[in-house]
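Here the structure is laid out as C-alpha cells; the discussion comes afterwards.
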Amino acid sequence: MVSNWKANPDSGKLAKRLLLETKKIAKRLKNTDFVVCPPTIFLESLKSSRGTMSLGAQDFFYEPSGAFTGETGFQALLSTGVKYAIVGHSERRALGEKDETINKKVKAALASGVKVILCVGEENREAGFSYLPIIKNELVEALAGVSKQNIKNLVIAYEPVWAIGKKATREATPKEIEEVVIFIKRVIGDLYDTKTIPPIKILYGGSVNPENASLIMDGSGVDGLLIGRASVSPKIYKSIIESLAS
Ligand code: PGA
C-alpha cells in the first residue's frame, strides 16, 4: 500500500501527525508492506517515526550530487533511508518530465538499491483511442538499458491519467485495470526473461476510495494500491484499509 501525499501537508509538524495516524491505521492490515511518500523536505524528520513502514520519495534527481540548483541529488536522498522512489508520475510528466529523464531516474535509483515505483498510464480512454501502445512505449522507454538483475527492485503502477486526482473524469473498473495488468506483464515478459525472477509487483492508482478499493484488489490482479488524495485524509484512509482487512 503506497501513500502518495503529493504536496501535502503544509508543515513538518502536520506531516509527523499524519505519519503517526497512518502507522496506526496500517496495523489493521497484516502481511502488507506500507510505503509512505511524503514531500522530500519531510523525509529526514519522519525517518525515526515510520516504524515498520517504509519511506519513499516522490521524486529526486538522477545525479548523486553537484551543481544542480534546486534538485535533490540521489545521494542525499539515500541518506534519508528511503526504500522506494516514485518515478514517472503523470503529475511530473505534466510538468515536463520526459521519458529520457524518467529512464535516468529509474537507472539511478535501481543502481543504488532503491525500489522504483514506475508509473505508467494513458491520458484518456475516448472511444477508439489506442491506449495500450502508449503504456508499452512508457515501459520500453523507462526501462531502456535496465538489466534483468535490477528489475527485481521494480514495482509498476498503472495510473490512468483520466482517473487520477480531482480532475478524474470517472473511476477505472476492475476489468479495465485487469486488461492493463495482463498487458504490462506481457510487455515485461517480452523485454526480459522473467521466468527465473520473482514476479514484478503491479499496483493500481487513481481515485482509490473506500468503495472501490477491495473491488480493485479482488478483481483486477493487482498486488497493491497507490493512494493519493485519500492517503492524506486519515478518516478516508482508515476506511480503505478496514475495507481491505475485512
Ligand atoms: P488520487 O491520486 O488517489 O488522488 O487519484 C493517485 C496518484 O496520483 O497516485
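The first residue of the sequence shown is numbered 1, and numbering continues consecutively from there. Keep in mind that the numbers below use all heavy atoms, side chains included, and drop hydrogens, waters and symmetry copies. Both ligands and their constituent atoms are indexed starting at 1 by order of listing.
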Using atom types as modelled, flag every donor-acceptor pair under 3.5 Å from a side chain in residues 154-161 to any protein atom, sequence neighbours excluded.
unit_1	atom_1	unit_2	atom_2	d
Tyr158	OH	Glu122	OE1	3.0
Tyr158	OH	Glu122	OE2	2.9
Tyr158	OH	Arg125	NH2	3.2
Glu159	OE1	His89	NE2	3.2

Given the options Asp223, Val208, Asn212, Val222, Met217 meets side-chain contact (heavy atoms from CB on, under 4.5 Å) only with Val222

Residue pairs passing the salt bridge (charged side-chain N to carboxylate O under 4.0 Å, His left out) test with at least one member in residues 45-56, sequence neighbours excluded, are Glu44-Lys47

Pairs under 3.5 Å, nitrogen or oxygen of ligand 1 with protein nitrogen or oxygen:
unit_1	atom_1	unit_2	atom_2	d
ligand 1	2 (O)	Lys6	NZ	3.0
ligand 1	3 (O)	Gly228	N	3.0
ligand 1	4 (O)	Arg229	N	2.8
ligand 1	4 (O)	Arg229	NE	2.8
ligand 1	5 (O)	Gly165	N	2.7
ligand 1	5 (O)	Ser207	N	2.8
ligand 1	5 (O)	Arg229	NH2	3.0
ligand 1	8 (O)	Lys6	NZ	2.7
ligand 1	8 (O)	His89	NE2	2.7
ligand 1	9 (O)	His89	NE2	3.2
ligand 1	9 (O)	Glu159	OE1	3.2
ligand 1	9 (O)	Glu159	OE2	2.8

Quick note, side chain to side chain donor-acceptor pair (under 3.5 Å) partners involving residues 128-147, not counting sequence neighbours, are Tyr131-Glu179

task: Please indicate whether Arg17 has more than 12 foreign heavy atoms, meaning atoms of other residues, nucleotides or ligands, lying under 6.0 Å from its CZ.
output: no

Below 4.0 angstrom, N of the basic side chain to O of the carboxylate: do Arg170 and Glu176 qualify? yes

